[in-house]
Structures are given as structure tokens and as C-alpha cells.
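We use all heavy atoms of the structure for the numbers below, so side chains are in, but hydrogens, waters and symmetry mates are not. Within every chain, numbering begins at 1; the chains are lettered A, B, ... in the order of the sequence lines, protein sequences first and strands thereafter.
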Amino acid sequence: MDRRDFLKKTIRGSIVAGATVAFGDYAKLLAAPPVSPTPYDLVAVKGGEPEVMFDKAIASLGGMEKFVPRGSKVLVKPNIGWDLTPEHAGNTHPKLVARIIEHCLNAGAKEVSVFDHTCENWVQCYKNSGIERAVKDAGGKIVSGDSEGYYQKVALPKGKRLTEAKVHELLLGADVFINVPVLKHHSSSMVTIGMKNLMGVVWDRQYWHRNDLHQCIADFASYRKPALTVVDAYNVMKQNGPRGVSTGDVVAMKSQIVSTDFVAADAAAAKLFGAEPADIRHIQLAAQMNLGRIDLDALSIDRIKL
Amino acid sequence: MSVLFFALTAFLFLDFRNIVAPSLAGGLLYLQFVPSLLKFVNAAALGAAGFIVVVILTVLFGRVYCSTVCPLGALQDVISFTARKKGKRRHFQFSEPHNVLRYSILALTVLLLVAGSGFLLNLLDPFSSFGRILSSLIRPVVLVVNNVAAISLERLGVHTLYRVRWAVIAPVSAGVSMAMLMLVAWLAATRGRLYCNTVCPVGALLGLLSKISFLRISIDEGVCKGCKLCEGVCKAGCIDRGKKTVDISRCVGCYNCFAVCPKDALRFEKKWRRRVPAAQPNRERRDFILNFGMYLLGLSGVGEQTKKIIQSRPTTIPLRVTSPVSPPGSGSIEHFTATCTACHLCVSACPSRVLMPSFLEYGFLAMLQPRMDFHAGHCNYECTICMDVCPSGAILPLTVERKKLTQLGVAKFIKENCVVYTDNTDCGACSEHCPTKAVNMVPYPNPANKRLVIPEVKPEYCIGCGGCEHACPTKPYKAIYVDGNPVHKLAKKPMVKKIEEKADNNEDFPF
């Protein structure tokens with residue numbers, strides 16, 4: 001409890017500090033014409049621990065209160081797809097997940113839930129990824145995604161190949177949705193980032209694989225825009241993805257990308273990985289469907305090095 | 001004691017959350033006669049001497065196994081107790097032994113076993129029957145109760161229980177279990193332990209042994225007033241009040257008669273005073289015959305089931321399966337089918353639901369013995385639970401490291417069924433799931449001139465876990481599947497070229 005209290009207080013303090021800074025900025029700009037409520041489209045951080053980088057990034061975007069109204073229900077969706085320990089970088093880093101939950105609760109969220117429809121046995125994935133423990137310690141709720149009964153059919157009016165999907169009820173019931181993918185190599189789509197991570201909120205993934213995978217990924221992305229996409233690039237699996245064979249596949253990149261625009265987040269993360277966003281077909285398709293922006297040059301980006 | 005044994009054993013089979021550490025199962029099931037016997041004989045596991053303990057106990061005190069350790073026995077007691085509470089027939093009666101039937105069944109079971117088939121033994125072994133009844137019939141009921149409770153709690157926002165997914169239904173296993181349960185329940189409700197003394201081969205064998213046991217129940221004719229109280233509580237129906245005798249070969253050692261006799265006319269008699277001490281049966285010879293017989297068994301009959309077509313463009317090329325896939329640790333199908341009693345503890349314990357009762361895949365005589373069904377799931381790379389729980393030694397323990405290199409079968413790729421080939425779109429589900437990257441994606445030149453990759457199998461790295469087959473989305477036929485190795489092999493250790501790249505923290509962002 002001491003540790004948690006300490007963390008909460010620290011975060012609260014930093015948020016107050018951040019707000020003061022922001023307020024200071026506003027005060028300076030009072031005479032100027034009104035500015036956009038989010039000064040940056042995207043924040044990229046590098047050189048710190050996952051939780052420290054997130055503190056910086058969310059402060060730069062104006063604090064979690066901007067995204068999480070008091071009393072709201074939040075869904076945080078990390079990648080917990082594989083029965084792997086954190087150093088294998090197959091799943092989102094547990095420390096990042098925990099810190100996001102703490103920020104949400106401090107912003108006044110009523111409850112923060114976490115789940116994934118895993119690829120391997122879910123009990124072992126939740127446990128060995130370290131995420132179950134981290135979520136519980138941070139005061140969040142870890143929920144199973146392992147029964148078709150949790151998933152309800154929704155229509156995807158903008159979908160080209162995927163026109164309906166069964167979606168986990170937690171996403172349907174959430175006021176705020178935060179997508180927290182891990183940046184990884186992928187055997188067929190080269191990289192897997194945010195949009196691909198959404199395969200873990202639906203029941204029937206095989207349909208996607210059978211019916212033009214990239215189009216389905218872009219189609220589903222049109223269903224609901226996450227309030228935030230937080231890309232974990234602390235440890236990055238550079239080869240043999242998405243499951244990896246050993247820790248030899250992993251490079252410590254110590255980076256993180258946070259954005260309200262999920263296409264931009266994926267594009268920036270792809271760049272970080274060393275790929276051209278336009279070469280990743282689902283990123284290209286999503287941009288064509290006007291779901292977000294792929295042209296990073298036109299965005300206002302806060303680049304933070306620690 | 002018997003209640004404790006029964007409750008713990010039942011819990012093992014119903015423990016869908018894998019609460020019990022698999023290593024504890026070994027201790028609990030140590031005394032289960034048939035699994036222990038087969039493990040001892042086939043796996044040459046000296047530690048698996050539980051059945052010898054049972055033999056010694058029987059030779060000393062009679063069939064205490066039947067009254068205390070055997071879970072099917074305890075189940076019958078529960079049934080007959082309830083039936084007797086409700087029904088009009090409140091008392092048991094002496095009945096003549098069905099010696100011809102019971103020794104014929106025993107002889108036939110032994111003969112079949114010697115001839116190399118555990119078919120009858122597996123069908124009639126009380127422990128395995130009990131296991132099948134629990135895992136095929138009772139477990140689903142428990143899951144329904146759990147899921148209903150979980151859904152109700154979720155309404156209240158509580159997620160301490162979680163909904164549990166169904167395993168694929170195995171109708172044959174459920175049918176056999178149901179038939180057995182009905183037979184046992186009917187016999188128990190009407191005639192007490194008649195099953196144990198007529199059908200059960202373990203009961204018949206231990207009955208023979210108890211004829212020479214050291215302590216035997218007998219009636220002191222001088223003291224007995226012939227009140228028939230003892231006969232009324234004898235669930236084995238072995239006390240003949242008229243002749244004032246106890247048929248010790250059918251006595252299951254419950255000692256209920258002791259408790260009710262007002263005159264203490266029932267007593268233990270020490271029988272070995274003048275006789276040659278009862279020798280154990282000549283195990284060496286028997287073991288030799290058993291071993292010899294069991295290794296004669298080959299395999300036959302491989303079925304491939306297909307599912308109904310949902311896809312708009314169904315795949316066309318059927319799989320050519322030459323051998324089913326036996327669980328890791330089983331070494332070979334020969335060893336597995338000769339040693340497995342089909343108790344389905346591994347089926348119950350498998351967290352990935354990949355172990356399923358077989359039908360004809362291993363051949364008729366090995367029906368119900370579990371196989372790896374990759375439609376149902378795939379074998380978790382890090383998991384060794386089935387090896388840790390198997391009581392009969394059909395699945396022997398391997399270290400995690402060894403298990404990760406044990407090749408149960410090899411993935412076969414059918415290009416013509418693959419989405420990349422038929423539709424010219426990306427998929428890669430198989431390669432995603434492959435833990436050793438034996439299934440790798442390689443560039444695929446295609447008519448649509450798209451940048452595509454297609455699976456390529458490096459069989460020497462494949463361990464046959466079935467991740468690729470389970471994930472493959474094509475229907476009705478998969479584009480990649482695992483063909484079993486009748487004798488498991490060793491795969492090459494997955495090669496990982498360590499990434500040389502170092503991230504430079506001072507470098508600018510690439511955007």
C-alpha cells in the first residue's frame with residue numbers, strides 16, 4: 001500500500017505540476033487567438049523506463065484528465081497474446097499497463113478494465129506476461145476474454161471486407177478506450193502495432209485471415225477510435241515475430257509513442273521499427289479510408305529525449 | 001478415509017482452473033491399481049509400485065482398496081446409500097457369487113492384455129471408468145454451474161469467477177461413460193457392490209488374493225444369534241446368515257458388519273498359522289508376458305473428421321494423415337496405447353484443451369485413449385501438465401527443455417489450400433503461432449504482383465505442437481496440418497541469430 005500511495009501521490013503531484021505549466025502557457029497566450037486543446041498530435045519519447053516515458057508523454061498531451069472524465073469506465077487493451085515473460089517482448093510491458101491504469105484512476109475513472117483475446121492459453125498468458133499482477137496491483141480489473149459469450153455482434157458500416165464482428169462487451173460498455181499495443185516484428189504483416197492489436201477485442205480472428213487480412217484490420221479500425229494509442233517500444237522484437245523464439249530477437253529501444261490519432265501512431269511506430277508506413281498495407285488502407293493520418297511531416301510532434 | 005480419497009480424486013478431474021499442482025496428483029493416485037500396474041510394467045518405473053502396496057494390503061487385510069481407495073467403489077456407495085434412504089429396499093441380502101462370469105471377465109481381460117490389448121482393462125478399470133464419467137459427464141455440469149455463476153457475478157461487476165470454454169465434445173467417450181455410469185448406478189442402487197464382484201477385473205483379482213489374506217472376517221458361530229443385522233448392512237452381499245459364513249473373496253472390507261453386530265460375533269481371524277505364507281504371484285513371469293504382449297500392438301485405422309463448410313470458397317485438398325499424434329512424453333504410439341488406461345485425467349487437466357478422447361484414430365482396441373486434436377487446440381510450448389498428472393506412465397515426464405525439442409509429428413503444408421495461394425492475400429496465422437519458427441514466411445511471387453509471403457516448413461525444427469494447424473483459417477480442409485510421428489523424434493534446437501543491432505538513445509527520431 002505504501003508503494004501504491006507513494007506512486008499515486010507522485011503522479012498527482014506531477015499532474016498538478018503539468019497542469020500548472022499548461023496553465024502558465026495558457027496565461028501567456030491569453031491575448032493570442034484560442035489554441036487547439038491538444039497542442040500535439042503525437043508524442044514520441046525515448047530513453048526512459050516505460051512508466052517514466054508515459055508520465056512525460058501524457059503530461060505533454062495535457063494530462064490524463066483530458067481523456068478520462070470523472071466517473072468514467074475505461075478499457076485499457078494491451079497485447080497479452082502470448083505465454084511469454086516480459087523480456088521476450090511478445091506482450092505489452094506490464095509496468096506501462098500499470099502506470100496507465102494509475103493515471104486513469106487518478107483522473108477519477110470509476111473503473112479500469114483490462115483484457116485480451118489471447119492466442120495461447122489465456123490463464124498462462126495473463127500470468128506469465130506479468131500483466132495480471134500489474135493490473136491488480138495498480139487497482140485495475142483484469143477480465144477474461146476467453147469465452148464467446150463475452151462477445152456481441154456489431155456492424156461495421158465503413159467495412160469493405162469485414163462488415164460485422166463480435167466484439168467483447170467491455171469495449172461496448174467502455175466510455176474511454178485506450179489501446180496499448182507493443183511494437184513487434186510480424187511474420188506476414190512485417191510489423192504489428194495498434195490496429196493489429198485490435199484483433200484481440202474480437203472473437204473470430206480466423207475470418208480476418210481468410211478474407212484479406214489487411215483490409216479486415218483497416219475495416220475494424222473504423223469501428224471505434226481509441227481515445228489514446230500508446231505504443232510500447234521499450235523492448236522491441238525485431239525478428240521471428242509475433243511470438244519470437246528467444247530473447248535474442250529483442251532490441252532495447254526504450255521508446256514510446258502516444259497519440260490520439262491511431263493511424264499516425266502506427267505510422268510513427270513503423271518508422272521507429274525501420275519500415276515505411278506506406279509499405280504496411282493496413283496502415284496505408286486506413287489512411288485511404290480517412291481513419292487517420294499517415295503523413296507524419298504534416299503533424300505536430302513533441303519529441304522528448306530523456 | 002474413503003470419503004477423503006473420493007473427494008480429492010474427484011476434485012482432480014473437475015479442477016478446471018488447474019488449482020492443484022500437477023505434481024500432487026501423482027501422490028494422490030499412487031495407489032490406483034491399474035494405472036500403477038501399467039506404469040510399473042511398461043515404463044519400468046520402480047517408483048510406481050502403488051499396486052504392490054495394494055497387493056500387500058490385500059494379502060494382509062483383504063480388499064481395502066475396494067472400500068477405501070477405489071473412486072468408483074465410493075461412487076457406488078454414495079448411490080446405494082441414497083437409493084436405500086429413499087427406496088423401500090433398505091437392507092442388503094446375501095447373494096450367490098457369479099463366479100463363472102467374474103472369473104471369465106478377469107481371464108478375458110488378462111488374456112487380451114497378454115495378447116497386447118488393454119481394451120477390456122481400460123473399459124472396465126474402475127479408476128479409469130470413474131475418470132471418464134467425471135471428465136465426460138460431470139465436468140460439463142460443473143462448467144455450466146460455474147459459467148452461470150460467473151455470468152451472474154459479472155452482472156454485479158465481480159470477475160473473481162470466469163467463464164470457462166467448452167472442450168470439443170467427444171460423443172463416443174460421453175456415450176461409453178454414460179453407459180458405464182448407468183450400469184454401475186443401477187447395480188449399486190439395487191444390489192450394492194455387485195459390479196465390483198461380478199464385472200470389475202480388479203475386484204476379481206483382489207478377490208482371489210484376499211482368499212489367502214492374513215486377517216479375515218468370520219462369524220463366531222457360538223456367539224451369533226442369527227439376527228441377520230450383519231447381512232442387512234453387507235453391501236457386497238457376501239455374509240450368509242444361514243450358514244454363518246463370509247465369502248471373503250467378495251468382501252470389500254468396509255467393516256459395516258462389525259459396527260452393527262450386537263454380540264460382537266464378527267471377528268478377525270488370523271489365518272496364517274500353519275500355512276506357507278502367501279506368496280506374491282510370480283511377477284517376473286507375468287511381467288515378461290505382459291511386456292511381450294504389449295509390444296506386439298501395432299496401430300491401425302486413421303480417421304479424418306471434417307467440419308461443415310462455412311467459407312464461401314472452400315478448400316479442396318483433403319489432408320493425408322498417416323498417423324495420429326500422441327501426447328508429448330508418450331514416446332511412441334506403441335508405448336502410449338499399451339500403457340494408457342483412458343482415465344482422461346490428462347484430458348481434464350490440459351489447459352489448452354488439445355487432448356481429446358480418440359475414436360478410431362489409434363485403432364478400435366485403443367478407443368478412448370487421448371490424442372492431440374488440433375481442431376480443439378494446440379499444445380502450449382511451455383506446458384508439461386499432462387506428463388505431470390498421468391498416473392499410468394503412458395505419458396512420462398519430460399523436462400520443459402526436452403519437451404520443447406520433442407517432435408510429436410511434423411507440419412505438412414498444402415499450398416493449394418492456402419489463402420495466400422487461392423486469394424493472393426496475406427495471412428500467416430500458422431507462422432504467427434509457431435514457437436520454433438519451423439513455419440516461416442517467405443516471399444511469394446504471385447499473379448497479382450502483390451508483395452506477399454507464404455509459409456515454408458523446415459521439418460527439422462518442427463515439434464508438432466499443432467499451433468499452425470489450429471490457427472489455419474481455411475475450411476473444410478486446413479492448408480497446414482501435423483502428421484504424427486509413430487515414434488517421437490528429437491527436433492533441432494531453434495536457431496536464433498542474435499540481433500546485432502543496438503539502439504542509440506542519442507539518435508534522432510526517424511520522423
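- Counting only distance, with no hydrogens or angles, the side chain of B:S352 and the backbone of A:N121 share no donor-acceptor pair below 3.5 Å.
- The candidate from B:C383, B:A429, B:P455 with the greatest count of non-hydrogen atom pairs under 4.5 Å with chain A is B:A429.
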Next item on the list: Check the pair A:D279 / B:R451 against side-chain contact (heavy atoms from CB on, under 4.5 Å), numbers first and verdict last.
Entry: CA-CA 9 Å; A:D279 288 348; B:R451 205 170 44 188; 3.1 Å; yes
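- Only the backbone of A:I304 comes within less than 4.5 Å of a heavy atom of chain B; no side-chain atom from C-beta onward does.
- Heavy-atom distances place the side chain of A:V251, and not its backbone, under 4.5 Å from chain B.
- Proximity of a side-chain donor or acceptor of A:Q239 to a complementary backbone N or O of B:K497 within less than 3.5 Å is detected.
- Using a 4.5 Å cut-off between non-hydrogen atoms, the part of residues 143-150 of chain A that approaches chain B consists of A:V143, A:S144, A:D146, A:S147, A:G149, A:Y150.
- Contacts of B:H470 with chain A are made by backbone atoms alone, with heavy-atom separations under 4.5 Å and no side-chain atom involved.
- To the nearest 0.5 Å, atoms CD1 (B:I499) and OG1 (A:T247) are separated by 12.0 Å.
- Both the backbone and the side chain of A:L272 come within contact range of chain B, judged by heavy atoms closer than 4.5 Å.
- A:R210 is not listed as a side-chain neighbour of B:D423, based on a closest heavy-atom distance of 4.5 Å or more.
- With a threshold of 4.5 angstrom between heavy atoms, A:M199 does not approach chain B through any atom at all.
- At a 4.5 Å heavy-atom cutoff, the contact between A:E169 and chain B is made by side-chain atoms alone.
- By a heavy-atom distance cut of under 4.5 Å, B:E154, B:G157, B:H159, B:Y162, B:R163 are the residues of residues 148-163 of chain B near chain A, going up by number.
- Atom NZ of A:K305 sits about 8.5 Å away from atom CD of B:E507, to the nearest 0.5 Å.
- The environment of A:R303 atom CZ is dense: over 12 non-hydrogen atoms of other residues, nucleotides or ligands sit within 6.0 angstrom.
- For the residue pair B:G428 and A:S187, the shortest heavy atom distance occurs at O-OG, 4.1 Å.
- Both the backbone and the side chain of A:K46 come within contact range of chain B, each with at least one heavy atom under 4.5 Å from a heavy atom of that chain.
- Ranked by heavy-atom pairs under 4.5 Å with chain B, the first of A:Q215, A:K254, A:K238 is A:K238.
- Remark: side-chain polar atoms of A:R281 are not paired, donor with acceptor, to backbone N or O of B:D426 under 3.5 angstrom.
- Ranked by non-hydrogen atom pairs under 4.5 Å with chain B, the options A:G47, A:G274, A:A268 are led by A:A268.
- Remark: A:K271 is not positioned above the aromatic ring of B:F509, lacking an NZ or CZ atom under 6.0 angstrom from the ring centre and at most 45 degrees off the axis.
- Residue-level contacts of residues 432-450 of chain B with chain A, in order of numbering, are B:E432, B:H433, B:C434, B:P435, B:T436, B:K437, B:M441; threshold 4.5 Å between heavy atoms.
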Notebook entry, point to check: Can you list the steps and then say if B:F511 with A:L299 is a side-chain contact (heavy atoms from CB on, under 4.5 Å)?
Noted result: CA-CA 10 Å; B:F511 44 80; A:L299 299 177; over 6 Å; no
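- With values rounded to the nearest 0.5 angstrom, A:Q206 atom CD is found 8.5 Å from B:T474 atom OG1.
- For a residue to count as touching a neighbouring chain, one of its non-hydrogen atoms must lie under 4.5 Å from one of that chain's; by this rule A:L42 touches chain B with the side chain only.
- Most heavy-atom pairs under 4.5 Å with chain A, from the set B:N506, B:V453, B:N380: that is B:N380.
- Only the side chain of B:R353 comes within contact range of chain A, with heavy atoms under 4.5 Å apart.
- Neither the backbone nor the side chain of A:W208 comes within less than 4.5 Å of any heavy atom of chain B.
- Partners of B:Y461 according to the ring-ring contact (aromatic ring centres under 6.0 Å, His included) rule, which considers only residues two or more places apart in sequence or in another chain, do not exist here.
- Chosen from A:S189, A:A44, A:G244, the residue pairing most often with chain B at heavy-atom distances under 4.5 Å is A:A44.
- Within the 4.5 angstrom heavy-atom criterion, no atom of A:E111 approaches chain B.
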